[in-house]
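Scroll down for the structure; my scribbles are underneath it.
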Protein chains: 2
Amino acid sequence: MSCEDHSIQTLRESGHRLTPQRVLILSVLRRAEGHMTASEVRDHVKESYPYVDASTVYRTLGVLKNLRLISENNITGGESEYEWLHQNRHHHLICRECGELTRLDHRYLASLGTEILEDYGFKADIDHFAIFGLCTGCVSELAARDSERILTG
Amino acid sequence: MSCEDHSIQTLRESGHRLTPQRVLILSVLRRAEGHMTASEVRDHVKESYPYVDASTVYRTLGVLKNLRLISENNITGGESEYEWLHQNRHHHLICRECGELTRLDHRYLASLGTEILEDYGFKADIDHFAIFGLCTGCVSELAARDSERILTG
DNA sequence: CTAGCTGCAAAGCGTTTGCACGATG
DNA sequence: CATCGTGCAAACGCTTTGCAGCTAG
């Protein structure tokens with residue numbers, strides 16, 4: 001059974017109907033590597049199905065999110081980003097200075113979920129974390145800028 | 001030196017001016033336990049300073065965030081939430097079913113930051129994580145609902 | 001003094017909602 | 001054929017921006 005079949009089955013079993021729009025949105029997200037915003041999803045779907053409405057995209061993304069077939073995260077405060085939940089989960093390190101995005105293997109967070117479950121009985125969704133910070137380049141750049149400021153100021 | 005003094009000093013040193021609005025917004029966030037939305041901040045500030053504008057609040061929150069005196073997170077996709085960055089850091093477990101909020105001690109994530117720094121040279125901001133999932137109550141409730149569905153359906 | 005900050009008002013933008021039509025199972 | 005999903009359009013709500021006047025340093 002392919003991943004796509006799995007999603008379709010999940011959709012069906014949960015009592016949702018299978019519409020062309022939903023299938024397309026599913027496959028767009030599946031083929032995508034990494035995140036997509038709602039409008040990006042919409043643009044891709046439009047290529048093969050020109051009359052999809054933004055509201056349909058949002059409604060579908062909501063359904064898929066509730067079924068935990070995709071993840072949503074809103075890191076910028078602007079557009080939310082959606083991503084297919086793969087088998088080989090991973091997370092992201094995002095540099096808040098230059099925006100560089102580094103993939104972080106799931107093993108860094110694997111134990112966290114079980115610890116929290118044991119101690120709090122809380123079943124954490126460790127599907128896709130976005131961890132902010134400073135990348136190597138920006139750390140040294142900022143350090144250089146600071147020492148310059150002290151010398152000249 | 002009190003925490004408040006520290007913030008004011010940081011503000012000054014970074015070349016920002018000290019206006020009554022900024023001082024008030026700072027102290028509101030400092031006294032608050034936990035998160036506040038921008039409009040909540042505004043309401044509190046208005047009590048002692050009735051003519052603050054929302055735009056001023058947003059601009060100030062932006063400044064404080066850049067100086068890393070407060071954290072911003074947008075978990076709902078709706079209003080962003082802002083929080084004073086304490087010394088004793090902590091994180092939150094948020095139930096995606098009932099919204100229950102549990103405080104998670106920083107030690108669960110303390111090692112993560114150093115691991116990432118060692119392996120990637122990435123200086124992660126492990127200031128305030130929001131971890132979603134299901135609380136104990138909702139886990140069992142959902143399990144009950146599922147078995148019912150299988151029996152009746 | 002003068003760069004930076006504020007209030008005001010209006011626009012911006014992602015997202016949601018009401019409704020009638022259409023499609024799915 | 002009953003229900004659920006869709007497109008359309010309009011509304012919504014948080015946030016941002018342009019601008020003229022004010023103020024901290």
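- Computed from coordinates, the B:R17 CZ to C:dT2 P distance equals 12 Å when rounded to whole Å.
- You'll find the side chain of A:L18 reaches within 4.5 Å of the side chain of A:R12, heavy atoms only.
- Using a 4.5 Å cut-off on side-chain heavy atoms (C-beta onward), B:W84 and B:S7 make contact.
- Residue A:P20 is the one, among A:P20 and B:E79, whose nearest nucleotide of DNA chain D lies closer to the 5' end (criterion: closest heavy atom).
- B:S14 contributes a side-chain N or O that, together with a main-chain N or O of B:T10, makes up a donor-acceptor pair within less than 3.5 Å.
- Residues B:C95 and A:F122 share a closest heavy-atom pair of N-CE1, 3.8 Å.
- Inter-residue side-chain proximity for B:L93 and B:R103 is flagged as unmet; no heavy-atom pair is nearer than 4.5 Å.
- Using modelled atom types, one finds no donor on one side chain facing an acceptor on the other under 3.5 Å when comparing B:T60 with B:Q21.
- Placement of B:I131 and A:F132 in two distinct hydrophobic clusters is found when ILVMFWY residues are connected by side-chain heavy-atom separations under 4.5 Å, directly or transitively.
- Protein chain B touches strand DNA chain D; the 5'-most and 3'-most nucleotides with an atom under 4.0 angstrom of its non-hydrogen atoms are D:dC14 to D:dG25.
- Remark on DNA chain D: of its neighbouring residues B:T19 and A:H16, the 5'-side contact belongs to A:H16, judged by nearest-heavy-atom nucleotide.
- Protein atom CG of A:L11 is 10 Å distant from nucleotide atom P of C:dG25, rounded to whole Å.
- Rounding to whole angstrom units, CZ of residue A:R42 and C1' of C:dG14 are separated by 12 Å.
- Of the residues in residues 54-72 of chain A, A:S55, A:Y58, A:R59 come within less than 4.0 Å of DNA chain C through at least one heavy atom, sorted by number.
- Counting heavy atoms of neighbouring residues, nucleotides and ligands inside a 6.0 Å radius, atom NE2 of A:H44 does not exceed 12 of them.
- Dashed line: the shortest gap from a side-chain N or O of A:Q21 to OP1 or OP2 of C:dA23 is not under 4.0 Å.
- For the pair A:Y49 OH and C:dG22 P, the interatomic distance rounds to 13 Å; values are reported in whole Å.
- Remark: P of C:dG4 and CZ of B:R12 are 16 Å apart, rounded to the nearest angstrom.
- The CG-P distance, from B:L24 to C:dC5, rounds to 17 Å in whole Å.
- For A:L18, the listed nucleotide lying nearest its side chain is C:dG25; candidates were C:dG25, C:dC8, C:dG4.
- For B:D119 and A:Y108, the side-chain atoms include at least one donor-acceptor pair closer than 3.5 Å.
- To the nearest angstrom, C1' of C:dT17 lies 12 Å from CG of A:D53.
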